[in-house]
Amino acid sequence: MSSITKTVESASVYRPDVIEARWRERWEADRLYETPDESERPKWYSLTMYPYPSGILHIGHWYAFAVPDVFARFQRMRGYNVLFPMGFDAFGLPAENAAIRHNIHPAEWTFDNIDRMRAQYRQMGAMIDWTREVITCTPEYYHWNQWLFLKMLEKGLAYRQAGAVWWCPKDQTVLANEQVLEGNICERCGSEVIKRDLEQWYFRITTYVDELLEELDHLDWPERVKTMQRNWIGRSEGARLTFAVEGGEPLEVFTTRPDTVWGATFMVLAPEHPLVGKITTDEQRQAVEAYVTAARNQSEIERMSTDAAKPKTGVFTGGYALNPITDERIPIWIADYVLMGYGTGAIMAVPAHDERDFAFARAFDLPIRVVIQPEGEALEVATMTEAYHGSGVMVNSGQFDGTPVPESIPAVINWLEETGRGTAEVNYRLRDWLVSRQRYWGTPIPVVYCENCGMVPLSIDQLPVELPLDAAFTPTGQSPLVSHAEFLNTICPACAGPARRETDTLDTFVDSSWYWFRYTSPHDQREPFTPELAHKWTPVDLYCGGIEHAILHLLYARFITKVLRDIGLTEHSEPFVRLRNQGMILAEEGTKMSKSRGTQVSPDELVRDYGADSLRLHLMYLGPWDQGGPWNTRGITGMERFIRRVYGLVTETVELSRSGHAEPETARTLERLTHRTIQRVTTDLLDFQFNTMVAALIEFSNGLIDLKTPELMRTAEWRAALQTLVLLMAPSTPYVAEELWEQLGEHYSVHTQSWPAFDEALAQDDFVEMVIQINGKLRDRVVLPANASETSAKTAIRNAEKIAAALDGVEIVKEIYVPGRLMNFVVKPK
RNA sequence: GCGGGCGUGGCGAAACGGUAAACGCUGCGGUCUUAAACACCGCUGGAGCAAUCCUUGUGGGUUCGAGUCCCACCGCCCGCACCA
C-alpha cells in the first residue's frame with residue numbers, strides 16, 4: 001500500500017532534489033555546456049566577474065551569477081554560440097591571513113575553497129563551460145602575468161620609482177594603507193609605523209589617460225560607472241605658471257583659474273615638496289621641520305579627512321616669491337591641504353576666490369584681494385565670510401579689467417602664452433598604478449638584482465618564475481620569500497654573477513586585468529592566449545558584476561587591453577562592450593548582510609528546502625536586478641508554488657490520451673496568451689527586466705489554469721501552449737524545464753531548442769476595453785472590437801448609458817480619442 | 001560641498017503622458033483532511049450600507065489628462081571629496 005502511494009507520488013509530485021541531481025549528472029555526462037570555438041552561429045561572449053575563492057558562495061554570488069546565467073541561456077536559445085566561462089581570482093591577502101591564523105598553506109586553503117565553490121556553481125545549474133576554467137594562482141596562469149610584465153618593461157610601461165610607503169620597523173615590512181590603524185599603529189604587531197621611501201614598481205597607465213577618458217563616451221555602460229571613471233581620471237584644464245623665488249630655484253604651479261593670478265597674495269607648498277628645505281630660512285627651520293614630520297606621519301585617512309570644517313594648518317617658510325604678473329613680493333608657506341600628488345605640489349593662493357585659500361588666509365592673517373567682482377555688487381575684503389567663485393568681471397587686473405568670467409580664462413591663457421609668462425596645461429588626478437606588493441601569495445615579479453648589473457629582467461624563455469610552495473609560513477607577518485634562500489639567491493641572466501630575486505609580487509588586480517582573454521584559449525602554452533581565438537570571441541559582449549569594481553578593476557582592464565593591443569595580441573581597444581551591474585542583496589531588515597550578526601542567507605539551505613530553480617526565480621523576482629534590495633525568505637514559496645502548478649499542468653496533461661482540437665474561440669485565447677507571453681518574456685529579458693519576465697510566466701500559467709478542462713487538456717493546442725511555457729521557462733528554471741520537456745515527450749535537451757518566436761498581431765486582443773472620461777475623470781468603460789473604426793467606436797461610446805446621461809444638455813468643448821484606449825470629453829457644465 | 005539615484009498598499013514591486021497598485025508575499029474567510037502540512041477557491045490601499053469619493057513624500061506649473069514632464073522644497077540612499 002505505502003509503496004504504491006510512493007510510486008504515484010514520485011511521478012506527479014514536484015521533487016526538486018531528485019530532478020536537479022538527475023539532470024545535472026546527465027548534462028555533465030553529455031557535456032551539454034561545452035562551447036565549441038568553431039560554429040556557424042554568431043558568437044556571444046557573456047562574462048561575469050569571477051569570484052575570490054573565499055570559501056563559500058553566499059546569496060550575493062547567486063544573485064550576481066544565476067541571473068546572468070539566465071541571460072546566457074536565453075542567448076543560446078536565440079541562436080548564439082555562447083561563451084559563458086568561469087574562474088577564480090585566487091591570489092590575495094585572505095589566503096595569507098588564513099595561513100597565518102590556521103597554519104594551513106595558502107594554496108591548500110585556496111584549492112579547498114575552489115572545490116567547494118565549484119560544486120555550488122554546479123548546484124545553481126549554471127551553464128558554465130568548466131573545461132575553460134582559469135585559476136589565477138596556478139603557474140599556468142601567472143606565467144603570463146610575468147610575460148606581460150616583461151613586455152611592459154620593454155615598452156617603458158613598467159618602471160621602478162621611490163615613493164613614500166608605510167613601514168613597520170618591528171615586522172620589517174611595508175603595510176597597505178588599510179593595515180595602518182588609527183594613531184599609526186601596525187595592525188599586526190601594534191607598534192608605531194613610519195613612512196619610508198622605498199622603490200616600488202609602477203605601470204604607466206597615465207600614458208593612456210586621454211584614450212581612457214574619451215572612449216568612455218562610446219561604451220554601453222551604466223552612466224554612473226562612466227561618471228565615476230571620469231571623476232577618477234579627473235581631467236582639468238588650466239595653465240602652468242612660474243614664480244621666481246628670492247635667492248632660490250623658481251616654483252612651478254598649476255592653476256585652473258589663471259585669470260585670478262592678480263589676486264595671488266601668497267604661495268603654499270605641500271610639506272613633501274622637494275624645494276621646502278632650500279626655501280626655508282634658518283629662523284623658520286625648526287617650525288617647518290616639525291610640521292613636515294607631523295604631516296608625513298599622518299595617516300591617509302586623517303589627511304584626507306572628510307571634515308570640510310577641519311581647521312587649516314601650516315607654517316611660514318620665511319621665503320618669498322614674486323608674483324610673475326604683478327611683481328609683488330608674496331610669502332611662501334607650507335600646508336598639508338596642498339597635496340604633493342596633484343599638479344606640481346605647489347599652488348598660488350588666491351584667497352578671495354578659493355575657499356581653501358580663503359580659510360588659510362583668515363587663519364594666518366594673510367592678505368586677500370578681490371579680482372573678480374560679481375555684477376551689481378561690490379565685495380569688500382573686510383566683510384567677506386567666504387571665497388567668491390561665481391560669475392562676474394575681472395577687476396584689479398590691469399588691461400583685463402572688465403573681462404567677464406567664463407571668457408576670462410582662455411583670454412588670460414592666450415596672453416600668458418603670447419608673452420611667454422605661462423603655458424596652457426591639462427592636469428589629471430589619475431596616477432600611475434603601483435603594482436608591487438610585499439606579499440607572498442601573488443605573482444613573483446620576474447626581475448633580479450645583480451651587484452654588477454643592477455636590476456636585470458629575466459628573459460621570456462626563463463618564465464615562469466614559480467612561487468615556491470615550500471616556503472616556511474610562520475605567523476611573523478613577513479613574506480616568506482625574503483627568507484627563502486633557494487628562491488632568493490640566483491644568478492644574473494646578464495653576467496652570470498650572484499643575484500637576488502625580486503621578492504615583491506604583483507597586485508592581484510593585474511591578474512584580473514586580462515583573465516577573460518585566457519578563457520578563449522586556457523591551455524595555450526606558448527602565449528597568454530591564442531590571438532586567433534581571442535579575436536573570434538573578444539571583446540566581451542556583456543560583462544556583469546558589482547558596482548564596487550566601477551573604478552579600479554574596470555579601469556585597469558581597459559588599460560591592459562590597450563597595452564595588449566599595442567603589443568599586437570589583439571585589435572580592439574575596449575574590452576567590455578556592455579556592462580551591467582547588479583544591486584546588492586541586503587539582510588531582511590535592510591542592512592548589509594553580516595556574518596557576525598548572523599544575518600547571512602545560505603543558498604545551500606534554500607536549495608535543499610526549495611530547489612535551485614525556485615531560488616533562481618526568487619532572486620529574479622525580488623525586484624529590478626540593478627537595484628538589489630532586502631532579502632525576503634518567505635517570498636520564495638510563491639516561486640515554488642508557481643513551479644508546482646506548472647509541474648501539475650504537465651503531469652496531468654501527459655496522463656491523458658491525446659484527441660482532437662480546441663474550440664476556435666478557446667484556441668484563439670490560447671494563441672493570444674502564448675504569443676503575448678513570448679513577446680513579454682523576450683523583451684523583458686533583452687531589457688534585463690527579470691522581475692517582470694517572471695511575472696509574465698506566472699500570468700501565463702494562471703491563464704492556462706483558468707482555461708483548463710479535461711477536454712481541452714487532450715488537444716494539440718493545449719500541448720503547444722504548454723510546450724511554449726516550458727521553453728520560456730528553460731533559461732530561468734533549467735532543471736524543471738528539462739524534466740517537463742521530457743515528460744511532454746520532446747527531444748532532449750530543452751536547452752538546445754530554439755527560442756519561440758512571436759507574432760505581434762496574434763498577441764493582440766480581439767476586444768478592447770476603452771476608458772471613457774469626462775473632463776479627465778473616469779466615467780465608464782466600454783468593450784469594443786479591437787478593429788472597430790473610429791466612427792463606430794464613438795457611436796458606441798456616446799450611446800453608453802452613463803455617458804449619454806452625462807453628456808445630455810452640456811456643451812462639448814473638445815473630444816480626445818485614443819484608439820483602443822480611451823476617450824475623453826471636455827465639457828462645459830450648463 | 002560636488003556628482004548620481006530614489007520616494008507608489010502591511011511588504012517586494014508593476015504601470016509607451018491615457019483604467020494607479022499587474023505579479024508575488026503576508027493576512028483574513030472557506031474547501032479538502034481525524035488533525036496538520038500541501039493543495040485549491042474567495043477577499044485583501046482608504047472612507048462609505050450603497051451610488052460614489054479619496055489615494056503615488058510636500059507645494060506649485062504645463063496638459064483634455066501627470067506616479068510619469070517642468071520648478072521649488074522635504075526625506076532617504078550611493079559615489080567622490082582640501083584635486084588648486
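Quick note on labels: first sequence line is chain A, next is B, and so on, each numbered from 1. Both backbone and side-chain heavy atoms feed into the values below; hydrogens, waters and symmetry mates do not.
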Counting heavy atoms from C-beta on, name the nucleotide in [options] closest to the side chain of [X].
X	options	value
A:Tyr621	B:rG79, B:rC23, B:rC64	B:rC23
A:Tyr337	B:rC82, B:rG18, B:rG4	B:rC82
A:Asn702	B:rU19, B:rG24, B:rC38	B:rG24
A:Ala695	B:rC41, B:rU52, B:rC23	B:rC23
A:Asp336	B:rC25, B:rU19, B:rC82	B:rC82
A:Tyr342	B:rU19, B:rC23, B:rA84	B:rA84

**Any donor-acceptor N/O pair under 3.5 Å between B:rU19 base and A:Glu769 side chain** = yes

**Message:** Under 3.5 Å, is there any donor-acceptor pair linking the side chain of A:Arg634 to the base of B:rU26?
**Reply:**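 For A:Arg634, whose side chain was compared with the base of B:rU26, there is no donor-acceptor pair (under 3.5 Å).
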
Could you work out the separation of [N] and [M] based on their [atom1] atoms and round it to a whole Å?
N	M	atom1	value
B:rU26	B:rU33	C1'	24 Å
B:rU44	B:rC25	P	16 Å
B:rC70	B:rC78	C1'	26 Å
B:rC11	B:rU58	P	16 Å
B:rA50	B:rC32	C1'	36 Å
B:rG45	B:rU56	C1'	11 Å
B:rG3	B:rG48	P	48 Å
B:rA22	B:rA72	P	34 Å

Could you tell me the Watson-Crick or G-U partner of [N], where both distances fall under 3.5 Å? Say none if there is no partner.
N	result
B:rG12	B:rC23
B:rG48	none
B:rG3	B:rC78
B:rC40	B:rG30
B:rC73	B:rG57

Starting from [atom2] on [N], measure out to [atom1] on [X] and report it in whole angstrom.
X	N	atom1	atom2	value
A:Leu649	B:rA39	CG	C1'	13 Å
A:Glu640	B:rG24	CD	P	15 Å
A:Leu339	B:rA81	CG	P	11 Å
A:Asn581	B:rG79	CG	P	13 Å
A:Ile334	B:rA84	CD1	P	22 Å
A:Tyr817	B:rG18	OH	P	17 Å
A:Ile413	B:rA84	CD1	P	13 Å
A:Glu815	B:rG18	CD	C1'	16 Å

**Request:** Indicate the atoms forming the closest heavy-atom contact of A:Asp259 with A:Val405, along with that distance.
**Result:** OD2-O, 4.3 Å

Over all strands shown, is [X] touching base, sugar-phosphate only, or nothing at heavy-atom distances under 4.0 angstrom?
X	answer
A:Gln627	sugar-phosphate
A:Ile698	sugar-phosphate
A:Arg821	base
A:Asn691	sugar-phosphate
A:Glu355	nothing
A:Asp357	nothing
A:Pro624	sugar-phosphate
A:Arg779	sugar-phosphate
A:Ile816	base
A:Arg645	sugar-phosphate
A:Asn824	base

**Request:** Would you check if the distance from the ring center of A:Phe358 to the ring center of A:Phe360 is below 6.0 Å?
**Result:**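 Not close enough - the centres of the two rings lie 6.0 Å or further apart.
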
**Enclosure of A:Arg240 CZ (heavy-atom neighbours >12, cutoff 6.0 Å)** = yes

**Fill in**
Judged by nearest nucleotide, the residue sitting upstream toward the 5' end of RNA chain B, A:Asp354 or A:Ile636, is A:Ile636

**Message:** Need to verify one output field. Residue with the more 5' nearest nucleotide on RNA chain B, A:Gly776 or A:Asn427?
**Reply:** A:Gly776

**Request:** Examine A:Lys312 relative to A:Phe364 and say whether NZ or CZ is less than 6.0 Å from the centre of the six-membered ring and inside a 45° cone about the ring axis.
**Result:**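 The answer is no; the distance or angle limit is not met.
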
**Request:** Establish, for the pair A:Arg429 and A:Trp232, whether the NZ or CZ atom is under 6.0 angstrom from the six-membered ring centre and no further than 45 degrees off its axis.
**Result:** yes

**Request:** Using the six-membered ring wherever Trp is involved, compare the ring planes of A:Tyr63 and A:Trp625 and label them parallel, tilted or perpendicular (cut-offs 30° and 60°).
**Result:** tilted

**Prompt:** Using 30° and 60° as the class limits, which term best fits the ring planes of A:Trp333 and A:Phe316: parallel, tilted or perpendicular?
**Reply:**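 Answer is tilted, since the angle falls between 30° and 60°.
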
So, is [X] close to the [N] phosphate, meaning a side-chain N or O under 4.0 Å from OP1 or OP2?
X	N	result
A:Ser236	B:rA84	yes
A:Arg641	B:rU26	yes
A:Arg644	B:rA39	yes
A:Lys777	B:rG18	no

**Prompt:** Can a salt bridge be assigned to the pair A:Arg580 and A:Asp626 using a cut-off of 4.0 Å between side-chain N and carboxylate O?
**Reply:** no

**Message:** Checking side-chain contact (heavy atoms from CB on, under 4.5 Å) between A:Asp684 and each of A:Asn691, A:Thr692, A:Val694, which is the one that passes?
**Reply:**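 Output: one option passes, namely A:Thr692.
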
**Asked** Syn or anti: how is B:rG10 classified when any glycosidic angle within 90° of 0 counts as syn?
**Response**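 That one's anti.
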
**Message:** Checking the side chain of A:His618 only, and the main-chain atoms of A:Met639 only, is there a donor and an acceptor separated by less than 3.5 Å?
**Reply:** no

